[in-house]
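Following: one structure in C-alpha cells, then a few remarks.
Just follow the structure's listing: the first ligand is 1, and inside any ligand the first atom is 1. No hydrogens, no waters, no symmetry mates; every other heavy atom, side chains included, goes into these values.
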Amino acid sequence: MTSERHASYYRDFDNLYVGGRFIESTTSEIVEVDDSFTEATFATIPRGSPDDVPLAVQAAREAFDGWSSLGVETRVRYLVAICEQIQERTEELAEVISREVGMPIGLSKKIQVGLAIADIENSIKAIQQENLCEVVGNSKVFKEPIGVVAAITPWNYPLHQIMAKIGPALASGCTVVVKPASEAPLSAAILAEIVHSCRLPGGVFNLIFGPGADVGRALVGDPCVDMVSFTGSTRAGRDIGTVASQGVKRVVLELGGKSANVFLPDGDIDRFVPAALNGAFLNSGQTCSALTRLVVPKDRADEIELKLRLEVRKFSLGSPFEKGVRVGPLVSSQQQGRVRSYIDSALEEGARLVCGGTGQPPDFPKGYFIEPTILADVTPKMRVAQEEVFGPVLSVLTYESEEEALEIANDTIYGLAGAVWSEDADRATKFALRMRAGQVDINGATYNPLAPFGGYKQSGNGRELGKYGLAEYFELKALQT
Ligand code: NDP
C-alpha cells in the first residue's frame with residue numbers, strides 16, 4: 001500500500017459472513033472504499049457475486065427453525081450482547097462511517113452509532129411488550145416470525161439502517177441476510193465481527209457484499225427469501241418491488257423524500273431559520289427525511305432570506321475530523337456530480353443562487369464537497385423542487401395563502417416527512433394532518449426513534465422503528481376452537 005494512495009487508517013475486510021463463519025466470496029475481486037475527504041482508498045471489501053446469495057440464504061433458512069423457536073428472552077440476551085459491543089466499538093464505527101459518508105465525527109458518534117444503539121434497544125423493548133397471542137372471539141391469533149429476511153441498505157446512515165431492520169427481525173425470530181451499499185459497507189463488516197463474538201447461532205445473521213444490480217437483485221429474487229426490507233432510492237425500490245412480486249414476498253420499502261418545511265405567517269422566525277438549515281444540511285443533506293423545500297409566505301420571503309444568509313455562515317465546511325466542522329463532504333464523486341447537476345438545472349430553470357453553488361470550495365481542492373447551497377425563486381414544478389437531491393441544497397418556495405402552502409407541500413410524488421411552524425398549536429396540528437407524509441414535526445420538534453418511520457405515496461410501503469417496525473416481521477396465524 002503506498003501512503004499516497006491509502007489513508008492512515010486502513011483495513012481490508014476479506015470475507016463474507018455466512019452460516020456463522022467468515023468465508024471467501026465465490027469471486028476474488030475486491031472493491032475499494034474511499035475516504036470522502038481525502039479521496040484515498042482506506043479499506044477494501046470483497047466485490048461479492050450473485051453466486052454468494054444462495055449460500056447465505058440457505059444458511060439463514062437452515063437457522064430459522066432453531067432461532068424462531070428460542071424463547072424471546074434468549075433472543076433478547078443475544079441482542080443485548082450485540083448492543084453492548086456496538087457501544088464498546090462506538091469510536092471505530094463512527095470513524096469508518098465519517099470517512100465513508102463525510103459526517104462530522106461528533107455527529108457520527110451521536111447519530112450514526114447512537115441511533116443504531118437506540119434501534120436495537122427499542123426492538124428489545126418492543127418484543128418484550130408485544131402480545132404474541134391474542135384471543136379474538138373463538139380464535140387464538142398468534143404472531144409468528146415471517147422467515148428469512150433480506151435487508152438491503154443504503155450508504156447515508158449505514159449502521160442505523162441495518163439495525164432498524166435486523167433489530168426487529170432478529171427479535172421477532174426471523175433470520176437475516178444483509179447486503180449493505182458498496183459505498184459504505186464497513187460498519188456492516190464490523191457488525192459481522194460483533195455478531196460472531198456474541199456467538200449468535202450460525203446462519204441467524206449473514207452478510208454479503210455486492211452491487212445492487214446483480215447481487216441485490218439475486219437476493220430479492222431468491223425463492224427462499226420470505227421478506228425484503230429495503231431502504232434507498234425510489235428507482236431501486238420500484239425494481240425491488242417488481243422482482244419480489246414474482247415470489248409474492250412481503251416488501252417493506254423506505255424510499256426517497258422531498259420534504260416540505262412550511263412556515264405559517266405566525267411562526268417564530270428566529271427559531272425557524274436555524275432549524276430550517278439544520279433540517280436541510282444535516283449529514284450534508286444525505287438524509288431521506290431532509291427538509292429540502294422551505295415554503296414561506298411571499299411577503300416574508302426577503303426577511304427570511306436575509307436571516308438564512310446570515311445563519312448559513314455558521315455551517316462551516318471541512319474535514320469530518322476537524323473540530324467545529326458542521327458540513328463534511330458527500331459520499332462519492334458520483335454523488336457530488338449528481339448534486340451539481342441539480343444546482344445547474346435549477347439555475348437554468350430560473351432559480352436564484354443565494355449562497356453556495358457547484359464549485360469545489362477553494363480551501364479544499366480534494367474531498368467530494370458541495371458548499372451549503374440555498375436557492376431562492378424556486379417554483380413547484382422545477383426539477384430541484386420535485387426530485388430528491390441528496391446533498392446540501394435548500395430550495396425556497398413562496399406562497400400567498402395557507403391553501404397554496406399546503407398544495408405546494410403535497411405536490412411531489414413523495415410523502416416521507418414534513419414540518420410546519422405556527423405559534424398557534426391548533427393551526428399547526430390541523431395543517432400537519434393535511435400534509436400527505438408519514439412524519440411531520442411541529443415547531444422544530446425532535447426526532448423520536450419510537451415513532452413509526454416511513455412514507456406515503458412513492459416514499460415507500462410499511463413502517464420502521466419501535467413497535468410499528470416490529471409488526472412488519474410477523475405473520476398472523478388464527479387458530480379456531
Ligand atoms: P440505491 O437506491 O441505488 O442503493 C441503495 C441500496 O440498494 C444499495 O445497497 C444498492 O446496492 C442496492 N440496490 C440498488 N439497486 C438495487 C436493485 N435493483 N435490487 C436490489 N438492490 C439494489 O441508491 P444510490 O446509492 O444509487 O443513490 C442514488 C440516489 O438514491 C441518491 O442520490 C438519493 O437520492 C437516493 N437515496 C435515497 C436514500 C434514502 O434513504 N431514501 C438512501 C440512498 C440513496 P449498491 O449501492 O451496492 O449497488
Side-chain angles (χ1 to χ4, degrees), residues 31-33 36 45-50 52-53 100-101 115 150-162 164-165 177-188 207-222 225 228-246 249 251-259 282-290 292 330-342 368 370 383-384 386-393 412-417 438-439 453-455 457-461 464:
V31 166
E32 295 183 331
V33 183
S36 57
I45 54 158
R47 188 255 181 223
S49 136
D52 300 334
V53 169
E100 289 171 331
V101 177
L115 277 185
I152 302 182
T153 53
W155 41 262
N156 54 335
Y157 292 88
L159 187 61
H160 158 56
Q161 279 143 343
I162 291 174
K165 298 179 186 334
V177 179
V178 176
K179 193 214 82 66
S182 308
E183 272 149 329
L186 302 182
S187 53
L207 174 69
I208 58 174
F209 298 108
D214 59 11
V215 176
R217 280 190 120 229
L219 181 57
V220 174
D222 190 293
V225 166
V228 182
S229 178
F230 170 75
T231 299
S233 63
T234 293
R235 176 201 56 78
R238 280 188 200 110
D239 187 47
I240 285 168
T242 306
V243 174
S245 70
Q246 300 312 300
K249 295 173 189 190
V251 177
V252 171
L253 301 172
E254 201 274 277
L255 309 176
K258 191 73 224 176
S259 303
L282 178 73
N283 201 21
S284 302
Q286 303 172 119
T287 302
C288 48
S289 54
T292 52
L330 301 187
V331 70
S332 63
S333 68
Q334 193 198 10
Q335 191 62 18
Q336 184 189 37
R338 198 178 284 152
V339 176
R340 281 179 174 156
S341 80
Y342 275 109
Y368 309 124
I370 296 282
R383 234 182 108 208
V384 76
Q386 288 293 326
E387 297 180 19
E388 186 171 51
V389 174
F390 239 58
V393 179
T412 75
I413 61 165
Y414 298 112
L416 188 56
Q439 289 228 335
F453 191 87
K457 301 192 274 179
Q458 294 190 33
S459 285
N461 284 321
E464 294 204 292

Within-cut-off N or O pair, [X] and ligand 1, under 3.5 Å:
X: W155; value: yes
X: E254; value: no
X: A236; value: no
X: G212; value: yes

Please report the closest heavy-atom contact between [X] and [Y], naming both atoms and the distance.
X: F209; Y: V215; result: O-CG1, 3.5 Å
X: G232; Y: P154; result: CA-CB, 4.3 Å
X: F230; Y: A236; result: CZ-CB, 3.6 Å

As an exercise, identify every atom of ligand 1 less than 4.0 angstrom from a heavy atom of [X].
X: G210; result: 47 (O)
X: P154; result: 42 (C), 43 (C)
X: G256; result: 41 (N)
X: L255; result: 41 (N)
X: I240; result: 19 (N), 20 (C), 21 (N)
X: P180; result: 9 (O)
X: N156; result: 40 (O), 42 (C)
X: C288; result: 39 (C), 40 (O), 41 (N)

For [atom], what's the nearest protein heavy atom and its distance?
atom: atom 9 (O) of ligand 1; result: T153 O, 2.8 Å
atom: atom 38 (C) of ligand 1; result: F390 CZ, 3.4 Å
atom: atom 20 (C) of ligand 1; result: G216 C, 3.4 Å
atom: atom 1 (P) of ligand 1; result: S233 OG, 3.6 Å
atom: atom 18 (N) of ligand 1; result: D239 OD2, 2.6 Å
atom: atom 7 (O) of ligand 1; result: F230 CE1, 3.0 Å
atom: atom 47 (O) of ligand 1; result: S182 OG, 2.5 Å
atom: atom 28 (C) of ligand 1; result: R338 NH1, 2.9 Å

Donor-acceptor under 3.5 Å ([X] side chain, [Y] main chain):
X: E387; Y: R383; result: no
X: K258; Y: V384; result: yes
X: K179; Y: G210; result: yes
X: Q286; Y: V101; result: yes
X: E254; Y: E464; result: no
X: K165; Y: V178; result: no

Report task. For atom 30 (O) of ligand 1, decide whether some protein heavy-atom distance is shorter than 4.0 Å. Result -> yes
Query raised in the report: Any chance CD of Q386 has more than 12 other-residue heavy atoms, nucleotides or ligands included, within less than 6.0 Å?
Result: yes
Query raised in the report: Under the side chain to side chain contact (heavy atoms under 4.5 Å, CB included) criterion, do T153 and T231 qualify, and how do the steps go?
Result: CA-CA 5 Å; T153 53; T231 299; 5.5 Å; no
Report task. Give a yes/no on ligand 1: does Q286 have at least one heavy atom closer than 4.0 angstrom to it? Result -> no
**Report entry** Option nearest atom 37 (C) of ligand 1 (shortest heavy-atom distance, choices Q334, Q161, E388, K258)
**Finding:** E388
Report summary line: The option among R217, R235, E183 carrying the non-hydrogen atom nearest to atom 26 (O) of ligand 1 is R235
Requested in this report: Determine whether the side chains of Y368 and Q335 contain a donor N or O and an acceptor N or O closer than 3.5 Å.
Outcome: no
**Report entry** Residue pair D239, R217: steps toward the side chain to side chain contact (heavy atoms under 4.5 Å, CB included) verdict
**Finding:** CA-CA 8 Å; D239 187 47; R217 280 190 120 229; 2.7 Å; yes
Query raised in the report: With V53, which of V220, V225, D214, L219 fulfils side-chain contact (heavy atoms from CB on, under 4.5 Å)?
Result: L219
